[in-house]
Protein chains: 2
Amino acid sequence: MCGFRMPGIVADNPGVIRKNIQLPASSIFSSYLYLHNDAYMKFEAVTIKDIAKALGVSTSTVSRALRDSYEISPETKELVLECARKLNYMPNPIALSLKERRSRSIGVVVCEIANSFFSQVINGIESIAYDRGYNVIIAQSNESVEREIMDLHYLSSRSVDGLIISLSTETNDISHLQDLHNKGLPIVMFDRVTDEIKTHSVVVDNFKGTYEATEYLLQKGYKRIAAIANSEFLSITSERLGGYKDALQAYGQKFNKSYVKHCFYGGMVFSEIEDAVNKLMTLKQPPDAIIATSDKLTTGCLKTLMRRGIKVPDDIALVGFLNSDIAELMNPALTVVHQPALEMGKAAIELLLQLIESKRPVTQFEKRVLTPTLVIGKSAMDVN
Amino acid sequence: MCGFRMPGIVADNPGVIRKNIQLPASSIFSSYLYLHNDAYMKFEAVTIKDIAKALGVSTSTVSRALRDSYEISPETKELVLECARKLNYMPNPIALSLKERRSRSIGVVVCEIANSFFSQVINGIESIAYDRGYNVIIAQSNESVEREIMDLHYLSSRSVDGLIISLSTETNDISHLQDLHNKGLPIVMFDRVTDEIKTHSVVVDNFKGTYEATEYLLQKGYKRIAAIANSEFLSITSERLGGYKDALQAYGQKFNKSYVKHCFYGGMVFSEIEDAVNKLMTLKQPPDAIIATSDKLTTGCLKTLMRRGIKVPDDIALVGFLNSDIAELMNPALTVVHQPALEMGKAAIELLLQLIESKRPVTQFEKRVLTPTLVIGKSAMDVN
DNA sequence: ATCGTTCTCGGGAACGATTGCGTAAAAAAA
DNA sequence: TTTTTTTACGCAATCGTTCCCGAGAACGAT
């Protein structure tokens with residue numbers, strides 16, 4: 001009597017749903033009524049009411065049976081499970097969210113999706129979130145603090161259970177984030193972080209990244225190494241410039257302030273990079289090498305040099321942060337600082353889920369520091 | 001009497017919420033109670049009940065006042081609006097979803113996020129969806145049909161209002177999609193599409209893309225042009241190979257079957273590409289040019305050639321589909337077929353929202369065909 | 001004075017699921 | 001046999017919101 005609808009194949013105990021279910025390619029979704037004939041009708045899902053009605057029991061019994069409660073007899077359980085399977089019942093996540101006051105979704109704010117580094121991070125986040133039954137809502141700030149605030153507003157209004165964020169370049173006032181944090185929203189920061197909010201964070205050893213890159217150039221014999229960096233506000237900027245400065249010092253070179261150029265919008269505005277490169281190249285003593293401290297800056301810098309007819313590495317060396325998997329295919333093959341982006345994403349979501357699912361308040365926060373890799377290419381040569 | 005909580009700044013009429021709201025950077029989120037002291041407490045949102053209680057009216061009145069119903073007096077409306085503003089009330093989207101039986105979220109299935117083409121498409125989708133109040137749930141198939149089915153299962157269980165999908169390379173049986181479609185789920189396909197499902201789709205003129213690329217090589221004087229393509233199952237494969245064949249014919253060259261290699265996993269498995277290139281290069285008459293018909297194939301092909309010490313374009317020419325914005329920085333600067341990915345994403349989401357928000361059944365389906373661009377680089381030379 | 005309108009508003013049932021509490025019937029203990 | 005305990009289930013509230021009814025009050029028409 002409970003087969004008055006399309007017979008389905010698999011229904012899972014809601015507790016273990018989507019865990020290695022093996023389903024045939026057909027009729028997986030028959031939890032929905034067939035109503036798609038001529039009229040355009042919203043397909044309606046099977047609910048516990050349908051099961052209850054079909055079996056002549058109460059919804060409480062169905063609910064408890066599905067959750068394998070001890071107060072339901074084995075026979076009834078079997079009946080309910082069987083019927084749920086037949087109707088291909090699937091629990092309504094929205095109703096559950098309302099009841100449990102959690103959305104099982106997390107928000108991710110990055111400045112740009114179409115950027116290798118961030119898309120790889122998102123890849124890592126998504127892979128784990130998916131397995132844990134969370135969905136990921138992605139928002140882009142486009143390096144604008146205004147947009148970042150709107151993103152957070154939006155995500156907050158969609159009542160996400162947690163947040164993973166890399167700050168926009170414009171963000172020096174973080175009160176909008178602080179507000180959310182104060183209200184108890186679990187937050188994990190990555191890449192561009194701030195100490196002002198006490199929470200977990202995931203970064204690479206930025207200092208080490210530029211230190212090694214600078215050291216590499218110094219060992220090659222370069223004497224006038226310039227740096228093109230992001231906005232001074234960003235954590236990554238000072239850290240990366242720190243590694244650059246320390247390496248210079250370690251090798252007995254004096255730090256030259258005019259060799260450091262900042263791009264406030266980190267290359268989102270291309271003319272920024274052009275200006276920076278132009279200013280460097282028109283110095284009385286132009287640099288013989290450039291370190292670019294982010295993906296967009298690295299490619300933008302190479303693009304500018306190329307367009308100006310400046311040969312790399314013959315006229316100038318170029319080393320930079322880059323997570324594109326085609327760095328070796330570039331002209332020249334770039335020597336790059338590569339970040340373990342996928343792992344960063346995984347670390348971030350793991351820390352976030354830990355925060356979200358923690359029963360008791362978390363007071364000890366972790367700053368997970370991963371190690372970047374210097375991938376040697378041909379964008380610097382031996383100068384002697 | 002209604003200011004017993006943190007005074008907020010802005011509350012919107014739910015009907016026009018998130019429409020060009022200008023808010024100061026602080027206290028935007030004070031719709032939530034301050035409970036984040038020592039104990040870890042979930043922050044609780046302000047509901048219409050709170051407003052009703054504060055004002056001594058019923059929730060119905062509050063609800064209607066907020067929705068600007070005609071049956072509420074202007075005075076009461078003003079009171080309610082004022083109070084909502086004070087408490088910084090924000091409607092609970094989950095409760096709304098439950099009531100209205102729609103989640104205001106759409107699912108996007110692509111094979112890989114960290115791929116320029118797809119991340120650009122997602123960028124386009126996201127930009128519009130966000131403005132229209134929808135959130136985007138992204139799932140990756142990794143070119144696996146099994147994973148694709150699980151993705152759809154997941155998205156379906158999260159009750160998305162619509163779906164945008166580019167099929168995985170393994171997908172020749174589309175009954176899992178067909179099922180969802182039959183049940184009335186609005187679907188828009190892009191890139192890798194199928195005629196078996198009658199719905200909107202967004203593609204580029206693949207034929208034209210390869211035709212022009214092939215023609216370009218033919219005009220340069222190449223005589224033995226090979227093609228490396230995706231799985232035969234995919235729509236893009238036959239279309240792109242079609243353009244290739246027709247161009248050959250138009251220029252009086254005979255089609256040589258051994259010059260066409262398929263990579264079933266489209267380059268997700270790198271050895272596939274290596275094998276394809278190796279087989280081509282060990283022919284008695286190896287090709288003098290290669291056309292790669294997808295992003296991953298293009299970069300994979302170049303990587304293989306480079307590793308084998310085969311110079312492009314000196315030893316062989318290479319032209320391929322590529323949406324990376326650093327094609328011009330590659331070695332050599334690649335001549336590529338560039339797809340308007342952002343526009344494709346925008347078109348897809350627009351068509352989907354049209355489907356979702358249509359009152360009456362949609363029977364006329366649109367196949368929107370955008371035009372790819374051949375971007376000339378230096379990966380082919382004049383051979384005479 | 002009585003009736004029909006119009007204007008406002010409240011009560012309460014949904015939406016789908018969980019869960020504390022109450023309670024019949026059955027089983028166990030007295 | 002009576003009492004107590006256990007078993008197995010139903011009722012109803014709850015989450016936040018909308019919306020169908022119903023209903024009181026004011027007002028004009030008869």
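The shown structure was predicted, so the numbers you read here are calculated from the model rather than taken from an experiment. Chain letters run A, B, ... following the sequence lines, proteins first and then strands; every chain starts at 1.
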Colleague: Ignoring backbone atoms, test whether A:Arg67 places a side-chain nitrogen or oxygen under 4.0 Å from the OP1 or OP2 oxygen of C:dT18.
Modeller: yes

Colleague: Using atom types as modelled and distance alone, determine if a side-chain donor or acceptor of A:Ser97 lies under 3.5 Å from a backbone N or O of A:Pro93.
Modeller: yes

Colleague: Whole angstroms only, please: what is the CG-C1' distance between B:Asp68 and C:dT8?
Modeller: 15 Å

Colleague: Would you indicate, yes or no, if C:dC7 has its OP1 or OP2 atom less than 4.0 angstrom from a side-chain nitrogen or oxygen of B:Ser73?
Modeller: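 No, because none of the side-chain N or O atoms of B:Ser73 sits under 4.0 Å from OP1 or OP2 of C:dC7.
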
Colleague: Can a side chain N or O of A:Arg101 be found less than 4.0 Å away from OP1 or OP2 on D:dG16?
Modeller: yes

Colleague: How close or far is atom P of C:dC9 from atom CD of B:Glu78, stated in whole angstroms?
Modeller: 13 Å

Colleague: Mind calculating the distance between CZ (B:Arg64) and C1' (D:dG16) to the nearest angstrom?
Modeller: 16 Å

Colleague: Return the value, rounded to whole Å, for the distance between atom CG of B:Leu87 and atom C1' of D:dG16.
Modeller: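 Result: 15 Å.
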
Colleague: Looking at A:Arg104 and A:Asp161, does any basic side-chain N land under 4.0 Å from a carboxylate oxygen?
Modeller: no

Colleague: Nearest to the side chain of B:Ala95, which nucleotide is it out of D:dG16, C:dT19, C:dT18?
Modeller: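 In terms of side-chain proximity for B:Ala95, the closest of D:dG16, C:dT19, C:dT18 is D:dG16.
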
Colleague: State whether the distance check finds a donor on one side and an acceptor on the other, under 3.5 Å, for side chain A:Glu71 versus base D:dC9.
Modeller: yes

Colleague: With sugar-phosphate meaning primed atoms plus P, OP1 and OP2, does A:Val62 contact a base, only sugar-phosphate, or nothing at under 4.0 Å between heavy atoms?
Modeller: nothing

Colleague: Let me spell it out: for each of A:Thr59 and B:Thr59, pick the nucleotide of DNA chain D with the closest heavy atom. Which residue's pick is nearer the 5' end?
Modeller: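 The residue mapped nearer the 5' terminus is A:Thr59.
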
Colleague: Tell me the interatomic distance from A:Arg102, atom CZ, to C:dA17, atom P, rounded to whole angstroms.
Modeller: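 Those two atoms, CZ and P, are 17 Å apart.
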
Colleague: Let me know, please, whether B:Glu100 or A:Glu100 comes out on the 5' side of the other along DNA chain C by nearest nucleotide.
Modeller: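 Taking each residue's closest nucleotide, the earlier one in sequence belongs to B:Glu100.
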
Colleague: Hey, does the side-chain of B:Ser60 have a donor or acceptor N/O within less than 3.5 Å of a partner on the base of C:dG12?
Modeller: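 Side chain to base: pair present.
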
Colleague: Taking CG from A:Leu66 and P from C:dT18, how many angstroms apart are they, rounded to a whole number?
Modeller: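 Roughly 7 Å, once rounded to whole Å.
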
Colleague: Hey, does the Lys NZ or Arg CZ of B:Arg102 hover above the aromatic six-ring of B:Tyr134, less than 6.0 Å from the centre and inside 45° of the axis?
Modeller: no

Colleague: Flag the pair B:Glu350 and B:Lys346 as a salt bridge only when some basic side-chain nitrogen lies within less than 4.0 angstrom of an acidic carboxylate oxygen.
Modeller: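 B:Lys346 and B:Glu350: not salt-bridged.
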
Colleague: For D:dT30, which nucleotide is its Watson-Crick or G-U wobble mate, given both distances must be under 3.5 Å?
Modeller: C:dA1

Colleague: Validate the cation-pi geometry between B:Arg64 and B:Tyr70: distance from NZ or CZ to the six-membered ring centre under 6.0 Å, angle to the ring axis within 45°.
Modeller: no

Colleague: Considering only D:dT17, D:dA8, C:dC15, which nucleotide approaches the side chain of B:Ile48 most closely?
Modeller: D:dT17

Colleague: Which distance, rounded to the nearest 0.5 Å, do you find between the CG of A:Leu66 and the CD1 of A:Ile51?
Modeller: 5.5 Å

Colleague: Which comes earlier along DNA chain C counting from the 5' end, the contact point of A:Asn92 or that of B:Val57, where each point is its nearest nucleotide?
Modeller: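 That would be B:Val57.
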
Colleague: Counting only side-chain nitrogens and oxygens, does A:Tyr89 get under 4.0 Å of the OP1 or OP2 atom of C:dA17?
Modeller: yes

Colleague: Students often get this wrong, so: under 4.0 angstrom with heavy atoms, is B:Ile72 touching a base, only sugar-phosphate, or nothing?
Modeller: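 Here B:Ile72 touches the backbone only, sparing every base.
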
Colleague: Roughly how many Å is it from NZ in A:Lys49 to C1' in C:dC15, rounded to a whole number?
Modeller: 7 Å

Colleague: Using a cut-off of 4.0 Å on non-hydrogen atoms, how would the nucleic acid contact of B:Thr76 be classed: base, sugar-phosphate, or nothing?
Modeller: sugar-phosphate

Colleague: Donor-acceptor pair under 3.5 Å: do we get one between B:Lys99's side chain and the base of D:dT17?
Modeller: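 Counting by modelled atom types and ignoring angles, no donor-acceptor contact under 3.5 Å is found here.
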
Colleague: When we call it a touch if two heavy atoms are under 4.0 Å apart, what does A:Ser63 touch: a base, just sugar-phosphate, or nothing?
Modeller: base

Colleague: How close or far is atom P of D:dA8 from atom NZ of A:Lys77, stated in whole angstroms?
Modeller: 9 Å

